[in-house]
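Each remark here refers to the structure printed beneath this line.
Throughout, a chain's letter reflects where its sequence line sits, starting with A, and its residues are numbered from 1. Basis for what follows: all heavy atoms, side chains included, without hydrogens, waters or symmetry-related copies.
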There are 4 protein chains.
Amino acid sequence: MPAATAPAERKVTRPRADALRNRERIVAAAREMFVEHGPEVPIDEVARRAGVGNATVYRNFPDRDALVREVVCSVMDRTAEAAELALAESGDAFTALEHFVHAAADERIGALCPMVSSTFDQHHPDLVASRERVERLIEEVMGRAKAAGRLRPDVGVGDLMIAVGQLSRPPAGTDCLRGDRFVHRLLQLFLDGLRAPARSALPGEALSIRELRAS
Amino acid sequence: MPAATAPAERKVTRPRADALRNRERIVAAAREMFVEHGPEVPIDEVARRAGVGNATVYRNFPDRDALVREVVCSVMDRTAEAAELALAESGDAFTALEHFVHAAADERIGALCPMVSSTFDQHHPDLVASRERVERLIEEVMGRAKAAGRLRPDVGVGDLMIAVGQLSRPPAGTDCLRGDRFVHRLLQLFLDGLRAPARSALPGEALSIRELRAS
Amino acid sequence: MPAATAPAERKVTRPRADALRNRERIVAAAREMFVEHGPEVPIDEVARRAGVGNATVYRNFPDRDALVREVVCSVMDRTAEAAELALAESGDAFTALEHFVHAAADERIGALCPMVSSTFDQHHPDLVASRERVERLIEEVMGRAKAAGRLRPDVGVGDLMIAVGQLSRPPAGTDCLRGDRFVHRLLQLFLDGLRAPARSALPGEALSIRELRAS
Amino acid sequence: MPAATAPAERKVTRPRADALRNRERIVAAAREMFVEHGPEVPIDEVARRAGVGNATVYRNFPDRDALVREVVCSVMDRTAEAAELALAESGDAFTALEHFVHAAADERIGALCPMVSSTFDQHHPDLVASRERVERLIEEVMGRAKAAGRLRPDVGVGDLMIAVGQLSRPPAGTDCLRGDRFVHRLLQLFLDGLRAPARSALPGEALSIRELRAS
DNA sequence: TATGAATGAGGCTTCATTCAT
DNA sequence: AATGAATGAAGCCTCATTCAT
């Protein structure tokens, strides 16, 4: 009964606003619980934390992996924004790299990537898109730093991405974030190892974007 | 050359030999599966891989955590041996450190420590003993390297242990060991960051043995 | 005759009605199976008898003991009601006692109390509440009968409660209720032993409520 | 190599002595554990308590029920002996009955009969033989007491046997024997109910031996 | 659309029983 | 004959997912 366009539009828009809010609350709750309690948290717990029924989660995300993907992508997107900010703000290219690395750790990127289970489709378009965006930005940052002679030339995008992910993961069987104190120390040590001039020869070859993607 | 040991001795030893062989096969299978598929592998799968019935696993290890503990301890012990070897063989103290770090990674120490689940008793005597042995050795290696002016003085045992564990873990949702190629690159970069002179100031404080243990 | 109750009210009430029905079916099925086959019946069998999935049982009762508790409490409550009825209806105090005893047996109280397993929390508030209610009523009945000179004075609440429970249990390895024929005979014999005047001296001391609870 | 008869005989007899000793230790251990921890104790625990390997239990008793049967029969036999003693020693027939009842309770007959599981063959010849022996003796005792006008005439063998069994069982979810204090009180009360003259009319009919066996 | 309830598959663990020494 | 070890069949419980309101 579309009597009048305007009110009808309201009718259609209002519920969508609620639904979107729900969806966002679910993603936020999932991110928190994944970060705090690891990737095994039951969906029902996420729903409870989000303040919705469990079935509402499934309405928004067909299965568990879809929810995980959404969370991971959203974190990657925020990380990309951090990289863009670092690029824009820092005069020195290596300083930009450092800012980005620590910002990525604060996004818990390390805690969230591991959520990817064995059934998870690593090649899902959304995931690929988010990852590539981050990769391109990192490549940009690293390229500038290398050009400025501040970053050793024998490292690649993959080296940095994996190291940041690993070092910022909750260490070992730790449920929570207690490790925060360490994380930035370890990242700083790693960054010091990245500076030019290189202090040793690296085994293997630099991991480029292409190689990362081949996996 | 036991030409004529008493038959009685054989009688007592023989059955135990089979059982020990089984126990070792179980531990080996568990280590492989934990490394390849993460800490969540069903015990029944471990049993299948070991070629025994599931109950045989439980006969040898009262519950899942006991099996995990055995695997973790055995890996730590091998790591400790690697550290002793590095101490004995290397003239240069930092070189010893490098040898030890790469050897520890080859032991998959990073893949195995995370097995420690939330129900796991971090303070079990066996586990504590193995861990302390490793810690003492690392402290010895690092102390020598610092004394030789090769290792930056603002790092502690905990920094190294956690970094090695994290960097040598199977990265992210990776089931298997594909990451091996990266691991030694990343460790080498981290080691370069550890060299003296320090290239930056580290946030926080060095993690000593005592602090590690307090957690 | 709810001609036009609000539809909203229906919406809220309806689903709960189904769930409640399920819950009651589970309790009823559990009671039957416990009575017929003893306290060891698999939960899955109870679920099957109730016509629900096993997980539905666990949704309603977090673990086996919770289900057992519910059944035991419901039986105790019905027994208490029988005691109240006996108190209200019978002019003669000993007759009231007899009525109550036979009614309790008909409730299968003897078959159900033994369900209390070793892991069972004997001090759970619900259980304590139901038990105390029964105890107080029995004390009331026995007190009156003693005052009327119909009940020997050297017996206590505990004597009666335990005797009724034991005598009304399914005898020995009997799966089912075949023993019903005996039960009321045995209870009647026991009741005859309770009458004043006492025909012998009893060993030990009367078991009061307090002593029962101390155990 | 039967060189000489005498030594050979020794050879054959000696091991049998050991085996018999083992068998007896197993039965004794089983009885203790059944009494203390209920009918669910694992066979391996019985074996440990007996100080033998589990397989030795199975060598002597093909399956669990066979062990249970042996224990039950041995207890019944001892109970029969108690009945014979009571018959021989007591001048008064009802006093003999009382002695027998309390002696049977001390044999834990109530704790052991319930071991009879649902898979148990109630009609096994050994079991039937032991039971009939007890029944005949009880009938003898009761017959004399009735003839002496000390036992009410409307009770049967089955009434007594079942009541003794039930009243001497460990009450409810009790692992152990704590109930001992009550047992003899309750039995005494029941015995008082058995005395002539009868204080009430019993429902149903006296349970004779034949009826017991028909079940 | 949102929800609570229902489901079935699967993991951990125990135990009666059998096998190999 | 005696033993320790091995086995597989259950039972309990959890959780991803689907249904019915």
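Of the residues near DNA chain E, V41(D) and Y58(B), the one whose nearest nucleotide (by heavy atom distance) lies more toward the 5' end is Y58(B). In terms of position on DNA chain F, the residue among R64(C) and A55(B) whose nearest nucleotide sits closer to the 5' end is A55(B). Residue whose closest nucleotide on DNA chain E sits further toward the 5' end, between R59(A) and D63(D): R59(A). Mapping N60(D) and P42(C) onto DNA chain F by nearest heavy atom places N60(D) closer to the 5' end of the strand.
Checking dC12(F), dA2(F), dA2(E) against the side-chain heavy atoms of A19(D) singles out dA2(F) as nearest. Residue T56(C) has its side chain nearest to dT7(E) when only dG11(E), dT7(E), dA6(F) are considered.
The distance between atom CG of D65(D) and atom C1' of dC15(E), rounded to the nearest whole Å, is 14 Å. In this structure, CD1 of I43(D) is placed 17 Å from P of dT14(E), rounded to the nearest angstrom. Atom CZ in R48(A) sits roughly 14 Å away from atom P in dT3(E) (whole-Å rounding). E45(D) places its CD atom 12 Å from the P atom of dT14(E), with the value rounded to the nearest Å. Atom-to-atom, CZ of F61(C) to C1' of dC12(F) comes out at 16 Å; the value is rounded to the nearest Å. One atom, CG of N54(C), and another, P of dA6(E), lie 12 Å apart when rounded to the nearest Å. In this structure, the CD atom of E40(B) is 17 Å from the P atom of dG10(E), given to the nearest Å. Atoms CG (D44(C)) and P (dG8(E)) sit 11 Å apart, rounded to a whole Å.
Of the nucleotides present, dA2(F) is the one that pairs with dT21(E) by Watson-Crick or G-U wobble criteria, both distances under 3.5 Å. dA10(F) is paired with dT13(E) under the criterion used here, namely a Watson-Crick or G-U wobble arrangement in which both key atom distances are under 3.5 Å.
By the 4.5 Å heavy-atom criterion applied to side chains, V75(A) and R108(A) are not counted as neighbours. For the pair E40(C) and E40(D), the minimum side-chain heavy-atom distance is below 4.5 Å. Using a 4.5 Å cut-off on side-chain heavy atoms (C-beta onward), I26(B) and T56(B) make contact. Using a 4.5 Å cut-off on side-chain heavy atoms (C-beta onward), R23(B) and E70(B) make contact.
A close approach under 4.0 Å does occur between a side-chain nitrogen or oxygen of N22(A) and OP1 or OP2 of dA2(E).
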What do the steps show when you test D65(C) against D121(C) for side-chain contact (heavy atoms from CB on, under 4.5 Å), and what is the final call? CA-CA 8 Å; D65(C) 283 350; D121(C) 175 15; over 6 Å; no
